[in-house]
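Start at 1 and go down the list; that is how both ligands and their atoms are numbered.
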Amino acid sequence: MTQQGTAAITGASSGIGATYAQRLAQRGYDLLLIARDRQRLEQLAAKLAHDYGVSCQVLVADLTRPEELAKVEQRLRDDASISLLVNNAGMSVEGDFLDSDIERVQSMLTLNMLAPTRLAHAAGNAFRARGAGTLINVASVLALVHEQANGAYNASKSFVLTLSRSLTQTLSPHGVQVQAVLPGITRTEIFDRAGQSLDNIPAQMIMEVETLVDAALAGLDLGESVTIPSLERLENWQAFDAARGVLLPDLSLSQSASRYRNGGGNSSQQ
Ligand SMILES: NC(=O)c1ccc[n+]([C@@H]2O[C@H](COP(=O)([O-])OP(=O)(O)OC[C@H]3O[C@@H](n4cnc5c(N)ncnc54)[C@H](OP(=O)(O)O)[C@@H]3O)[C@@H](O)[C@H]2O)c1
């Protein structure tokens, strides 16, 4: 076991997850690589073990299947060497929500929400009990966007952002770091898998996956609970979040707002 312990990474067979695997091996973590494609996982594990001298294990699981997800949860509970979890596996669905295949939408919601929730629960409890650990949840900038893409995908990523921020509150007093990462468009297979193409997207909107993961890990090192890799003006995120904070005192009161009293449409302004 290395000093850093083991980083468990879901969706480690390609894209962002495979890049986390390489960068975390470089930082001296042993690895537990999780996804469905055994061959790709084993190839990556062999390469990283060779290149960095760390131990790399593979756990093949389809995280949309309850019994396979449970296997990963159990590993997170039982393996005290696991000090970091990257909740990264995810998928998108092509097209507008109403035009998309609802069965694929259901798989997406299971993978993007249920799986990270159950894995965060298992790892969060293990880390809290040990008073140490790191939980990285890969959301998306679409968590903040209502105007574009498939609304169910965006909503699944809003879910991850909210859960992650809530876990920051719960776990940081126990010495556990929680970070939500919000990538913008990043060049990976996710688009091919959803039958989409990056060809019509302006090059300046597309980040390379190594740039994305390096920024996310730099954000982790800075202690950020939310990292938006391409956002230069951090004060804009802080203002956005502060505006949310301004709403809080008024969100649950015994009395409705004045515009809703006296029948709304019959108010004196009409
Ligand atoms: N690329 C972007 O522009 C972008 C932007 C914002 C957020 N993200 C998020 O980043 C995360 C990683 O995506 P990516 O861009 O790196 O895409 P990717 O290259 O398609 O990688 C997705 C990973 O998830 C795994 N996976 C898919 N279905 C799975 C299942 N049912 N069970 C277990 N593992 C499964 C895949 O491996 P197997 O096929 O081997 O299972 C693969 O390792 C996702 O959560 C995505 O929503 C991506």
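For the residue pair Val93 and Arg104, the shortest heavy atom distance occurs at CG2-O, 3.7 Å. The two atoms that bring Phe159 and Thr117 nearest to each other are CE2-OG1, 3.1 Å, heavy atoms only. For Ala216 against Thr227, the heavy-atom pair with the smallest separation is CA-CG2, 4.1 Å. Here the closest heavy-atom approach between residue Ile9 and residue Ala21 is recorded as CD1-CA, 3.4 Å. The shortest heavy-atom contact between Leu41 and Ala12 is CD2-C, 3.9 Å. Taking each heavy atom of Leu142 and Asn154 in turn, the nearest pair found is O-CB, 3.4 Å.
Assignment of Ala18 to the shell around ligand 1 is not supported, since no heavy atom sits closer than 4.0 Å. Distances from ligand 1 to the non-hydrogen atoms of Lys157 include at least one value under 4.0 Å.
Using a distance-only test at 3.5 Å, with no hydrogens or angles considered, a donor-acceptor pair links the side chain of Asp37 to the main chain of Arg40. With Asn88 contributing its side chain and Gly11 its backbone, the two residues share a donor-acceptor pair below 3.5 Å. Of the possible donor and acceptor atoms, none in the side chain of Thr10 sits under 3.5 Å from a partner among the backbone N and O of Ala8.
Taking a cut-off of under 4.0 Å to the non-hydrogen atoms of Ile185, the atoms of ligand 1 that pass are 3 (O). Heavy-atom contacts of Asp62 reach the following atoms of ligand 1: 30 (C), 31 (N), 32 (N) (cutoff under 4.0 Å). Atoms of ligand 1 lying under 4.0 Å from any heavy atom of Glu189, numbered from 1 in the order shown and given with element: 19 (O), 20 (O). Applying the 4.0 Å criterion to heavy atoms of Ala89 picks out, from ligand 1, the atoms 24 (O), 34 (N), 45 (O). Those atoms of ligand 1 with a heavy atom of Leu111 less than 4.0 angstrom away are 27 (C), 28 (N), 29 (C), 30 (C), 31 (N), 32 (N). Atom numbering of ligand 1 starts at 1 in the shown order; those under 4.0 Å from a heavy atom of Asp37 are 40 (O). For ligand 1, the atoms lying closer than 4.0 Å to a non-hydrogen atom of Thr64 are 31 (N). Distances below 4.0 Å separate heavy atoms of Ser14 from the following atoms of ligand 1: 18 (P), 19 (O), 21 (O), 42 (C), 43 (O).
Of all the heavy atoms of Arg193, the ones lying under 4.0 Å from any atom of ligand 1 belong exclusively to the side chain. Of all the heavy atoms of Ala12, the ones lying under 4.0 Å from any atom of ligand 1 belong exclusively to the backbone. Using a 4.0 Å cut-off between heavy atoms, Ala61 contacts ligand 1 through its backbone alone, with no side-chain atom that close.
At a cut-off of 3.5 Å, with distance as the only test, a side-chain donor of Gln57 or Arg75 sits close to an acceptor on the other residue. Side-chain contact check for Ser225 and Thr168: no donor-acceptor pair (N or O, by modelled atom type) lies under 3.5 Å.
Looking only at heavy atoms of the protein, atom 3 (O) of ligand 1 is closest to Thr186 N, 2.8 Å. Scanning the protein heavy atoms around atom 27 (C) of ligand 1, the nearest turns out to be Arg36 NH2, 3.5 Å. Atom 44 (C) of ligand 1 has its closest protein heavy atom at Asn88 O, 3.1 Å. Here the protein heavy atom with the shortest distance to atom 48 (C) of ligand 1 is Ile16 CD1, 3.8 Å. The protein non-hydrogen atom at the shortest distance from atom 8 (N) of ligand 1 is Tyr153 OH, 3.7 Å. Of the protein's heavy atoms, Gly184 O, 4.0 Å lies nearest to atom 4 (C) of ligand 1. Shortest contact from atom 7 (C) of ligand 1 to any protein heavy atom: Ala139 O, 3.1 Å.
Remark: among candidates Ser13, Gly17, Ser156, the nearest residue to atom 38 (P) of ligand 1 is Ser13, based on non-hydrogen atoms. Relative to atom 22 (C) of ligand 1, the option among Gly15, Gly90, Ala115 with the closest non-hydrogen atom is Gly90. Here atom 46 (C) of ligand 1 lies nearest to Ile190 when heavy atoms of Thr188, Ile190, Leu63 are compared.
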After noting the C-alpha distance and the side-chain angles of Arg38 and Glu42, does the key distance pass the salt bridge (charged side-chain N to carboxylate O under 4.0 Å, His left out) rule?
CA-CA 6 Å; Arg38 177 181 294 278; Glu42 286 180 347; 3.3 Å; yes
Walk me through it: do Arg36 and Glu68 pass the test salt bridge (charged side-chain N to carboxylate O under 4.0 Å, His left out)?
CA-CA 10 Å; Arg36 295 167 302 179; Glu68 297 187 26; over 6 Å; no
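For ligand 1, the polar-atom distance check against Gly11 finds a nitrogen or oxygen pair separated by under 3.5 Å.
Counting heavy atoms from C-beta on, the side chains of Val181 and Leu220 never come closer than 4.5 Å.
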